[in-house]
Amino acid sequence: MTISVGPEKVHAAAELLRGQVVHTPCRRSATLSAITGTEVHLKFENQQFTASFKERGALVKLQRLDAGQRRRGVIAMSAGNHAQGVAHHATRMGIPATIVMPVTTPFTKVQQTRLLGARVVLHGQQLAEAEAEALAMAQREDLVFVHPYDDPDIIAGQGTVALEMLADQPQLDCLCVPIGGGGLLAGMAVAARALQPGIELVGVQTRAFPAMHAAWRGERAEFGTQSIAEGIAVRNVGHLTREIIAATVDDILLVDDTGIERAISLLV
């Protein structure tokens with residue numbers, strides 16, 4: 001099966017990002033290693049300027065726009081991290097940016113996105129409604145839509161996380177990757193499979209919004225109403241991410257909000 005994003009695209013993205021995003025550390029956690037009885041390493045993407053890996057894909061996409069597209073501007077939908085990544089780098093590059101966010105987005109994320117220079121439009125209760133409004137605005141205002149996960153450039157940019165991890169810690173034999181729409185997992189899977197074909201790839205998704213887990217298993221997803229992980233409360237599975245994950249990933253696990261809260265407390 002030929003998938004839409006190959007390892008060469010991830011390596012090209014890494015060259016575009018060189019010197020423009022942080023090569024974040026991947027360090028052993030003595031505490032988690034002791035608790036789990038194995039060697040656990042953490043990738044500290046919270047050390048990016050916007051505290052998220054989302055900057056990577058956003059910047060790759062923006063850098064591939066032509067002069068006319070940059071003048072007209074971009075639009076994205078997001079509940080937070082993608083919004084900030086697009087806003088930060090678009091402002092830095094002189095590209096007008098509009099972000100459509102669900103009305104349920106935490107105020108701090110809305111405020112931060114505005115402070116980073118973007119026009120923020122609040123619309124809908126869920127990401128799917130925000131996406132529909134963003135697409136409509138893109139059509140009306142002739143803006144470039146920057147999808148948070150279902151775009152080859154976004155996927156390739158996120159895949160650079162795996163390149164860095166395996167360069168810094170080549171002994172890793174399993175990658176556990178969070179899933180919302182699947183852009184991070186898809187990109188990392190492409191990169192990791194090329195470097196280490198036998199590596200185990202496991203996705204982890206919130207039980208309240210199990211869209212990719214259900215799609216991967218060929219089941220119908222049943223959704224909750226909210227999750228502490230609102231940034232990955234995704235109902236719509238990406239076509240590209242689903243294709244790549246189906247071809248490359250070994251397993252997808254679900255965790256409930258109690259487990260997520262305990263993990264946050266432990267990491268803090």
Side-chain angles (χ1 to χ4, degrees), residues 1-14 16-17 21 24 26 43 45 48 52-62 64 76-79 81-82 85-86 127-128 131 145-167 172 174-206 209-219 221 229 231-255:
M1 177 181 181
T2 302
I3 56 179
S4 54
V5 178
E8 71 288 340
K9 195 169 182 71
V10 182
H11 284 279
L16 285 177
L17 296 178
V21 299
T24 56
C26 182
K43 179 68 164 162
E45 281 295 281
Q48 298 295 350
S52 168
F53 70 89
K54 289 282 191 175
E55 283 189 38
R56 296 172 181 266
L59 181 52
V60 171
K61 180 67 175 179
L62 292 172
R64 294 201 182 279
M77 98 291 190
S78 169
N81 291 329
H82 179 64
V86 172
L127 276 174
E131 179 179 10
F145 181 63
V146 182
H147 201 283
Y149 51 87
D150 208 31
D151 179 288
D153 290 324
I154 297 291
I155 293 168
Q158 319 308 31
T160 61
V161 173
L163 294 184
E164 291 179 9
M165 291 181 74
L166 293 174
L172 295 176
C174 177
L175 297 180
C176 292
V177 184
I179 308 173
L184 179 63
L185 177 58
M188 289 182 64
V190 167
R193 279 276 178 255
L195 292 172
Q196 295 188 22
I199 197 167
E200 186 177 7
L201 298 168
V202 178
V204 185
Q205 190 160 46
T206 172
F209 290 87
M212 188 63 75
H213 178 267
W216 187 75
R217 292 169 61 94
E219 300 173 352
I232 56 172
V234 175
R235 292 175 180 267
N236 296 334
V237 172
H239 297 295
L240 299 180
T241 55
R242 179 178 180 176
E243 170 196 64
I244 294 169
I245 288 170
T248 57
V249 170
D250 295 295
D251 200 2
I252 296 177
L253 307 177
L254 296 179
V255 292

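We're numbering straight along the sequence, starting at 1.
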Exercise for the section: Please examine the side chains of Met77 and His82, heavy atoms only from C-beta on, and report whether any two atoms are closer than 4.5 Å. Expected result: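 SC-SC contact between His82 and Met77 ruled out.
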Atom pair [atom1]/[atom2] of [X] and [Y] - distance to nearest 0.5 Å:
| X | Y | atom1 | atom2 | value |
| --- | --- | --- | --- | --- |
| Ile252 | Ile179 | CD1 | CD1 | 4.0 Å |
| Asn81 | Ile232 | CG | CD1 | 10.0 Å |
| Ile245 | Ile155 | CD1 | CD1 | 8.5 Å |
| Ile154 | Gln158 | CD1 | CD | 6.0 Å |
| Leu127 | Ser78 | CG | OG | 7.0 Å |
| Ile199 | Met188 | CD1 | CE | 8.0 Å |

Handout entry: With sequence neighbours excluded, residues passing side-chain contact (heavy atoms from CB on, under 4.5 Å) with Ala191
Key =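 Per chain and number, Ala191 pairs via side-chain contact (heavy atoms from CB on, under 4.5 Å) with Val10, Ala162, Leu163.
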Problem - Residues forming a side-chain contact (heavy atoms from CB on, under 4.5 Å) with Asp153, sequence neighbours excluded - result: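 So Asp153 forms a side-chain contact (heavy atoms from CB on, under 4.5 Å) with Lys9, Val60, Lys61, Arg64, Asp151.
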Problem - Gln48 side chain to Phe53 backbone, donor-acceptor under 3.5 Å - result: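 No, the answer is negative, given that no donor and acceptor are paired below the 3.5 Å cut-off.
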Between [X] and [Y], what is the shortest heavy-atom contact and its length?
| X | Y | answer |
| --- | --- | --- |
| Gly203 | Leu185 | CA-CD2, 3.9 Å |
| Val5 | Pro152 | CG2-CA, 3.8 Å |
| Val21 | Glu55 | CG1-OE1, 4.1 Å |
| Asp251 | Leu253 | OD2-CD2, 3.4 Å |
| Ala221 | Ala211 | CB-CA, 4.3 Å |

Practice task
Scan residues 181-206 for pairs that pass side chain to side chain donor-acceptor pair (under 3.5 Å), counting only residues two or more places apart or in two chains.
Solution key: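 Passing the test, one end in residues 181-206: Arg193-Asp250, Thr206-Ser227.
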Give the table of side-chain donor-acceptor pairs shorter than 3.5 Å for residues 233-241, with sequence neighbours excluded, one pair per line with atom names and distance.
{"from": "Thr241", "atom 1": "OG1", "to": "Gly181", "atom 2": "O", "distance (Å)": "2.9"}
{"from": "Thr241", "atom 1": "OG1", "to": "Gly238", "atom 2": "O", "distance (Å)": "3.2"}

Practice task
Only counting residues at least two apart or in another chain, list the ones meeting salt bridge (charged side-chain N to carboxylate O under 4.0 Å, His left out) with Glu45.
Solution key: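 Applying salt bridge (charged side-chain N to carboxylate O under 4.0 Å, His left out) to Glu45 gives Arg56.
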Practice task
Could I get the full list of ring-ring contact (aromatic ring centres under 6.0 Å, His included) partners for His213, not counting sequence neighbours?
Solution key: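 Listed in chain order: nothing, the list is empty.
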Handout entry: Contacts of Tyr149 that satisfy ring-ring contact (aromatic ring centres under 6.0 Å, His included) - sequence neighbours left out
Key =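 Tyr149 satisfies ring-ring contact (aromatic ring centres under 6.0 Å, His included) with His147 only.
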Exercise for the section: Sort and list the pairs that fulfil salt bridge (charged side-chain N to carboxylate O under 4.0 Å, His left out) and have at least one residue in residues 174-188, not counting sequence neighbours. Expected result: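 Pairs touching residues 174-188 that pass the test: none.
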